[in-house]
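In what follows, a single structure is set out as structure tokens and then discussed.
When a ligand or atom number is given, it counts from 1 through the structure's own listing order. The figures that follow rest on heavy atoms only: side chains count, while hydrogens, waters and symmetry mates do not.
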Amino acid sequence: MEVISVNLQSSKYDIVIENGILDDVGAEVREIYKEIKIAVVTDDNVYKLYGKTVEKSLKKYNFKPCFIILNPGEDSKSIETLQNLYDNFLKFGLTRSDLVIALGGGVIGDLAGFAAATYLRGIEFVQIPTTLLAQIDSSIGGKVAVNLKQGKNLIGSFYQPKKVIIDPLAIKTLSNEQLKAGLSEVIKYACIKDEQFFNYLMEIKTMKDLFNSLEYIIYTCCNIKKEIVEIDEKDNGIRMILNFGHTLGHALERYLNFNITHGEAVAIGMHYITNKTEELGYTKRGSKFKLEKLLDNFNINYDLPNVDMETIRKYILFDKKNKSGNINLVILRKIGEAFIETVPIERINYFF
Ligand code: GLY
């Protein structure tokens, strides 16, 4: 088992990573929670795959779980579903000293985390992420949110979990699309922080290699994220480097009405900006080629579809991450090293 301790000013928690740990979730939860009632928020797909396993393990440790099973997909990250969660928490008699578990991908983690952050002014919660994307990114660092009809994640908070429990074997049941979405973010971590890890990923040639390496891959990504979040919990500085590829990526998701996975949008964004910044002399020559090779290695598309760049620029300018007339653009100095360039919005055409 790998254990990563996240040490923040206001809280401290462990990320535990082990193949098969879903069978022993009860023991992991018992270490941080002494009462009995737990609201387990999950979706229908995840419940079918892992619901019974988790339930059995929780009951073995004398917990009383109540499963709240939602429809899979982004539409569940809504104010309406949030209200449904509060209703279920109240019906179950969940009190301030009880616990919420988020069992699922990023939608479930963000939604259940936000419900935990706000219900009775905040009750503790545990993340059990089951997609690669959630395991290496959204379950760590305390960003929780719901969507409004005006946009994604417009209502949210920073609310840290008490523990993150990661079973890399859960990745085996992901669709190819979900797997690639996670791998794009894996590549992002390597690009911004760890050249050795980038080279390690280059050596993965088969699915068998990939599955054999997952525990290490997840550990490495979580460790990079932990180090960044420990320095900048509230996303005012260095944490922004996690947005490498996301400036164009977010705009593209919006342009395509989210008919593209977040991972593919990020891959296109990473490639586009690296191509541009290499041309402009910000990025070491050859970095774009290396990035292409790694994306090809995992069969991840990085070609920008036929889009109207005027509209894309408009979306970039209205991204909620922009501050005081500036865009914080993440640029690679070279593979394994990134920096943030604050670009006034008037200069946006220079990059996009
Ligand atoms: N997903 C980026 C962050 O947690 O800051």
Side-chain angles (χ1 to χ4, degrees), residues 4 6-11 13 15 74 77 102 104-114 116-117 125 127 129-147 151-161 164 166 178 180-194 217-218 220-254 258 260-270 273 316 319-323 327-332 338-340:
I4 298 173
V6 184
N7 293 294
L8 301 167
Q9 260 170 11
S10 57
S11 67
Y13 58 93
I15 304 166
E74 190 73 30
K77 222 173 110 175
V107 166
I108 293 295
D110 282 11
L111 172 74
F114 187 74
F125 88 113
Q127 289 269 22
T130 55
T131 63
L132 183 56
L133 193 58
Q135 291 184 344
I136 61 167
D137 185 16
S138 56
S139 67
I140 301 151
K143 281 189 181 174
V144 294
V146 294
N147 301 333
K152 280 178 77 168
N153 297 328
L154 290 183
I155 304 291
S157 182
F158 289 94
Y159 193 68
Q160 303 294 337
V164 182
I166 298 178
Q178 283 175 310
K180 282 203 241 174
L183 287 170
S184 285
E185 296 274 354
V186 168
I187 292 170
K188 177 198 78 179
Y189 281 111
C191 285
I192 59 172
K193 266 285 183 208
D194 193 337
I217 290 174
I218 293 166
T220 306
C221 295
C222 288
N223 215 26
I224 293 173
K225 182 145 187 190
K226 157 227 150 80
E227 283 175 3
I228 292 172
V229 169
E230 280 181 349
I231 300 169
D232 177 25
E233 179 182 352
K234 297 280 167 73
D235 207 8
N236 291 315
I238 187 75
R239 185 164 177 171
M240 285 187 260
I241 67 167
L242 295 172
N243 291 331
F244 174 51
H246 286 56
T247 306
L248 177 62
H250 282 153
L252 204 52
E253 282 181 285
R254 192 166 158 207
F258 296 91
I260 183 170
T261 65
H262 177 67
E264 188 178 349
V266 167
I268 294 169
M270 292 191 292
I273 192 66
I316 289 175
D319 194 294
K320 66 178 180 303
K321 290 187 188 296
N322 300 343
K323 287 182 187 166
I327 290 169
N328 289 308
L329 193 59
V330 185
I331 295 176
L332 294 188
F339 66 98
I340 300 162

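A distance-only check finds a donor-acceptor pair linking the side chain of Lys225 to the backbone of Asp137 [under 3.5 Å]. Side chain of Lys188 to backbone of Val266: no donor-acceptor contact under 3.5 angstrom is found.
Every residue meeting the side chain to side chain contact (heavy atoms under 4.5 Å, CB included) condition with Phe339, not counting sequence neighbours, appears here in chain and number order: Tyr282, Ile331, Arg333, Glu341.
Using modelled atom types, one finds no donor on one side chain facing an acceptor on the other under 3.5 Å when comparing His246 with Glu253.
The minimum heavy-atom distance between Gly141 and Arg239, with the atom names listed, is O-NH1, 3.2 Å.
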Tabulated below should be the N or O atoms of ligand 1 paired with protein N or O atoms at under 3.5 Å; can you produce that?
from	atom 1	to	atom 2	distance (Å)
ligand 1	1 (N)	Asp137	OD1	2.9
ligand 1	1 (N)	Asp137	OD2	3.2
ligand 1	4 (O)	Lys225	NZ	2.6
ligand 1	4 (O)	Arg239	NH2	2.8
ligand 1	5 (O)	Lys143	NZ	2.9
ligand 1	5 (O)	Arg239	NE	2.7
ligand 1	5 (O)	Arg239	NH2	3.4

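Atom NE2 of His262 sits about 6.0 Å away from atom CG of Leu133, to the nearest 0.5 Å.
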